[in-house]
Amino acid sequence: MSGGGFVIAVLGAECTGKSTLAAALCDVLTGEGRDAVVVPEYLRVFCDAHGRPPRADEQAGIAREQSARIAEAASNHAIVIADTSALMTAVYSEQFFGDAGLYPSAHAAHRRCDLTLLTGQDLPWQADGIQRTGPESRVAVDARLRAALIRLQLPFSVLYGSVEMRVRAALAAIRRDRQPPVVAAATRWRWNCRHCGDAPCLDPLRWTQP
């Protein structure tokens, strides 16, 4: 993020371990002596405060507040782990209200993030109050989110497995992202292995853009 801390956006459908990963990753980084902080998902804060999910007309405000909290944290910390970005709100708005109007502003806000991690659906779905709607919705939201990331040309890595496996993969993605960029001639999307980062490897568990 220009002029601020390194921002890691953790995205994913409901009940895919976003908050758990964000907290665990922050614990590891702070344990190494790094100045890292988590920005919680504002949607959860909103639902807890109002005792209900947001209406269609409240989606834009939630997206703006999420972005504002991320920006504030980035101005005060070296590493910011954002438990969702405005892009998730745009996806939810389209999924539940048929409104795709938040994508332009969400895209602009998300482009300020330095790294995007997507949590996979390999965890069992669990009910959790008013925020979660069901396993079918999780599948649909995940599909919309991946489609949006690809359509908007936002590179991302998909993390699977236990918390420990996801943290290791996240740390590897951070190290790769902080290396000098490699200019590649190809522009097509391709599969990369979550273990070795080698494109010819056939483990289809991670998307990157060359």
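- Considering only residues two or more places apart in sequence or on other chains, Ala172 meets the side-chain contact (heavy atoms from CB on, under 4.5 Å) condition with Arg175, Arg176.
- Arg144 meets the salt bridge (charged side-chain N to carboxylate O under 4.0 Å, His left out) test with Glu94; sequence neighbours excluded.
- The only member of Val38, Val39, Ile8, Asp35 that meets side-chain contact (heavy atoms from CB on, under 4.5 Å) when paired with Val80 is Val39.
- Scanning all heavy atoms of the two residues, the minimum distance from Ser75 to Glu72 falls at OG-O, 2.6 Å.
- A heavy-atom distance below 4.5 Å is found between the side chains of Phe6 and Leu115.
- Note that the CG atom of Leu149 and the CG atom of Leu11 stand 6.0 Å from one another [nearest 0.5 Å].
- Scanning both residues, Leu118 and Gly12, for their nearest heavy atoms gives CD1-CA, 3.7 Å.
- With contacts defined as side-chain heavy-atom distances shorter than 4.5 Å, the pair Leu87/Thr116 does not qualify.
- Rounded to the nearest 0.5 Å, atoms NE2 (His110) and OG1 (Thr89) are 12.0 Å apart.
- Between Gly120 and Tyr160 the shortest heavy-atom distance is CA-CE2, 3.8 Å.
- Annotation: side chain to side chain donor-acceptor pair (under 3.5 Å) contacts of Asp27 (sequence neighbours excluded): none.
- Remark: Thr84 engages no residue in a side chain to side chain donor-acceptor pair (under 3.5 Å) (not counting sequence neighbours).
- Within the 4.5 Å cutoff, no side-chain heavy atoms of Arg112 are placed close to those of Ile70.
- Among pairs with a residue in residues 73-82, none fulfils salt bridge (charged side-chain N to carboxylate O under 4.0 Å, His left out), at least two apart in sequence or across chains.
- Minimum heavy-atom separation, Glu14 to Ser137: OE1-OG, 3.9 Å.
- Around atom CD of Glu58, more than 12 heavy atoms belonging to other residues, nucleotides or ligands sit under 6.0 Å away.
- Note on residues 21-47: pairs passing ring-ring contact (aromatic ring centres under 6.0 Å, His included), not counting sequence neighbours, are Phe46-His50.
- The salt bridge (charged side-chain N to carboxylate O under 4.0 Å, His left out) check on Arg111 picks up nothing, with sequence neighbours excluded.
- Look at Arg138 and Asp142 and you find no salt bridge, because none of the NZ, NE, NH1 or NH2 atoms lies under 4.0 Å from a carboxylate O.
- Summarising the geometry, atom CZ belonging to Phe156 is positioned 7.5 Å from atom CG belonging to Leu145; distances are rounded to the nearest 0.5 Å.
- Heavy atoms only, all atoms of each residue included: Pro53 and Cys47 are closest at CA-SG, 3.8 Å.
- The structure places CE of Met88 at 10.0 Å from CG of Asp83, a figure rounded to the nearest 0.5 Å.
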Start with the C-alpha gap between Val167 and Leu159, add the side-chain angles, then the distance that decides, and say whether side chain to side chain contact (heavy atoms under 4.5 Å, CB included) holds.
CA-CA 9 Å; Val167 168; Leu159 308 184; over 6 Å; no

Applying side chain to side chain contact (heavy atoms under 4.5 Å, CB included), run through Val10 and Leu25 and close with a yes or a no.
CA-CA 11 Å; Val10 181; Leu25 181 58; 5.5 Å; no

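- Listed by chain and number, the residues in a salt bridge (charged side-chain N to carboxylate O under 4.0 Å, His left out) with Glu32 are Arg34 (sequence neighbours excluded).
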Walk me through it: do Tyr92 and Leu43 pass the test side chain to side chain contact (heavy atoms under 4.5 Å, CB included)?
CA-CA 10 Å; Tyr92 288 142; Leu43 173 61; 3.8 Å; yes

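- For the side chain to side chain donor-acceptor pair (under 3.5 Å) test, no residue two or more places apart in sequence or in another chain qualifies with Ser67.
- Two residues are said to be in side-chain contact when any heavy atoms from C-beta on lie closer than 4.5 Å; Ile79 and Val37 fail this criterion.
- Residues forming a side chain to side chain donor-acceptor pair (under 3.5 Å) with Glu65 (at least two apart in sequence, or on another chain): Arg69.
- Residue pairs meeting the salt bridge (charged side-chain N to carboxylate O under 4.0 Å, His left out) criterion with at least one member in residues 95-106: none, sequence neighbours excluded.
- Atoms CG and NE2, on Leu152 and His107 in that order, are 4.5 Å from each other to the nearest 0.5 Å.
- Smallest separation of non-hydrogen atoms from Ala173 and Ser157: CB-OG, 4.3 Å.
- Under the side-chain contact (heavy atoms from CB on, under 4.5 Å) criterion, Ala60 pairs with Arg64, Leu102, sequence neighbours left out.
- One distance of note links CZ of Phe97 with CD of Gln59; it measures 5.0 Å at 0.5 Å rounding.
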